[in-house]
Protein chains: 2
Amino acid sequence: MNEADNLIPPRSERRDAAENRQRILNAALRLFEQHGVEQVSMNQIATEAQIGPGTLYRRYRNKSELCLDLIKDNLVMVFEDIEEYLEQNRSASPKTRLKGILTLFIRFRETKTQLITGVEDTAQTSRPKSRTRSPLYDELHGLIVKQFDEITALEKVQMNTNSVFQADLLLTALSSDAYLFQRDVRGYTPDEIVEQLCATFIGH
Amino acid sequence: MNEADNLIPPRSERRDAAENRQRILNAALRLFEQHGVEQVSMNQIATEAQIGPGTLYRRYRNKSELCLDLIKDNLVMVFEDIEEYLEQNRSASPKTRLKGILTLFIRFRETKTQLITGVEDTAQTSRPKSRTRSPLYDELHGLIVKQFDEITALEKVQMNTNSVFQADLLLTALSSDAYLFQRDVRGYTPDEIVEQLCATFIGH
DNA sequence: TTGACAAGTGGAGATGTCTCCGCTTAAGAT
DNA sequence: ATCTTAAGCGGAGACATCTCCACTTGTCAA
């Protein structure tokens, strides 16, 4: 069960609905593990969960949302880890702390590569033009902006670069597309990618 | 007709095949203009061109390839423009030239936004895992790497950043996803984006 | 011309996404 | 217990991508 869900809606979930939710999650987990996230269709998940396609789509508008639900808990944990790290390294330089954040995030990324790619794949037909990013994106973005701002404040030199822009750029480098390209085609290890990113965004 | 095509294959195209190619291109152009690239399906294009779906897919494995064919000529022109620009600014600093390249490319990008997005959308089912990039990508990438290398050579300070990595990063910022996010959500103008990119990759 | 055959065609159909809507059922009110 | 009702269900079906393969047609050599 997902405790983060019942915070906003005061109305409780119907018992049968809750059961179906579990069936879906279990079925998806099973199929993803067996065949890989990309290879599994919403149809298969519905069949495996023994529900109709309509029921599946009522809860998750597409595979992307389903994947997100499957890593939501882990995502929350990562942010807690990062928060804790920042707590314990309050005295460290912002540059060090930024590197710490990146390392933590990429470590997580590596453990959930397939699901994260699944989350980002919103190649669906009915598009509300998701030009906008998720709240999760915004949270990580905010953390990074903060580090950039502290770096800028520390060094007298007035950077004429915008922290928000830089953070966006840094985060697109962590998207599945860009990240896996660097790792699998360019052949960098995760640590080397962190290294390169730090070198790019915070000189030497 | 597309003169760039007949360079490699010595075997000529059958007459009826050439005609169908034209029908496809014309139909696609018409429908794209009328409804927008995203809204048009391969089926619609086949119908409009009065050919079977199989014939369409024989020539273009997906909409992405079709879009690429539709801008290939323009793409070649952009590279010629860039080449010419570099020619005429041989004496300028590499930083200036890099900015020139970016400006030229983004200007082109703005004129073909929809088609470029269409090219990048490879959300198809049969994936040979297109982790690799196109030759077009590689060409632009090479140009940018060259500028970076010249910048590094000029300044005594040994950058511990890899030009290849930096060029990749710069180019992901020019992908539809990232670029349109900056333009439409963050609200930057094309020129401001160039400005930010320059500020990020080549200090002040 | 004609024959052979590679190249090309088209549409049926497998599979997938996603919606619509009539039917069912859990849950609070009476 | 029963009634009401909104939440939930599920499958038919619209529409999309993409493949397969029996059939057709240009093209080239003889």
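The sequence lines fix the lettering, A, B, ..., with proteins before strands; numbering per chain opens at 1.
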Please give, in whole Å, the distance from C/dC18 P to A/E65 CD?
10 Å

What integer distance in Å separates A/L31:CG from C/dG16:P?
12 Å

Residue pair B/K95 / B/C198, side-chain heavy-atom distance below 4.5 Å
no

Residue pair B/T200 / A/F201, side-chain heavy-atom distance below 4.5 Å
yes

Is there a side-chain polar atom (N or O) of A/N20 under 4.0 Å from OP1 or OP2 of D/dC9?
yes

Would you mind telling me which residue lines up with the more 5' stretch of DNA chain D, B/D16 or B/M42, judged by nearest nucleotide?
B/M42

Please state whether the rings of A/F165 and B/Y188 are parallel, tilted or perpendicular, taking 30° and 60° as the class boundaries.
perpendicular

Residues that A/S93 engages under side chain to side chain donor-acceptor pair (under 3.5 Å), provided they are two or more places apart
A/T96

Whole-Å distance between D/dT17 P and B/D121 CG?
12 Å

Rounded at 0.5 Å granularity, tell me how far CG in B/N162 sits from CZ in A/R186.
9.0 Å

Between A/D191 and A/E195, does a side chain to side chain contact (heavy atoms under 4.5 Å, CB included) hold up when you go through it step by step?
CA-CA 6 Å; A/D191 284 342; A/E195 214 58 59; 5.8 Å; no

Atom-pair distance (CZ on A/R21; P on D/dA7), nearest Å:
15 Å

In whole angstroms, the gap separating P of D/dA16 from CG of A/N62 amounts to 18 Å

Nearest heavy atom decides the nucleotide; on that basis, is B/V40 or B/R14 closer to the 5' end of DNA chain D?
B/V40

Starting from P on C/dC20, measure out to CZ on A/R61 and report it in whole angstrom.
13 Å

When we call it a touch if two heavy atoms are under 4.0 Å apart, what does B/R15 touch: a base, just sugar-phosphate, or nothing?
sugar-phosphate

Pick base, sugar-phosphate or nothing for A/N43, based on heavy-atom distances below 4.0 Å to the nucleic acid.
base

Could you give the CD-to-C1' distance, from B/E19 to D/dT24, as a whole number of Å?
15 Å

Tell me whether the count of non-hydrogen atoms from other residues, nucleotides or ligands lying under 6.0 Å of CD in A/E110 goes above 12.
yes

Would you kindly give the OH-to-P distance between B/Y60 and C/dG8, to the nearest whole Å?
13 Å

For DNA chain D, which residues of residues 49-59 of chain A approach it to below 4.0 angstrom with any heavy atom?
A/I51, A/G52, A/P53, A/G54, A/T55, A/R58, A/R59

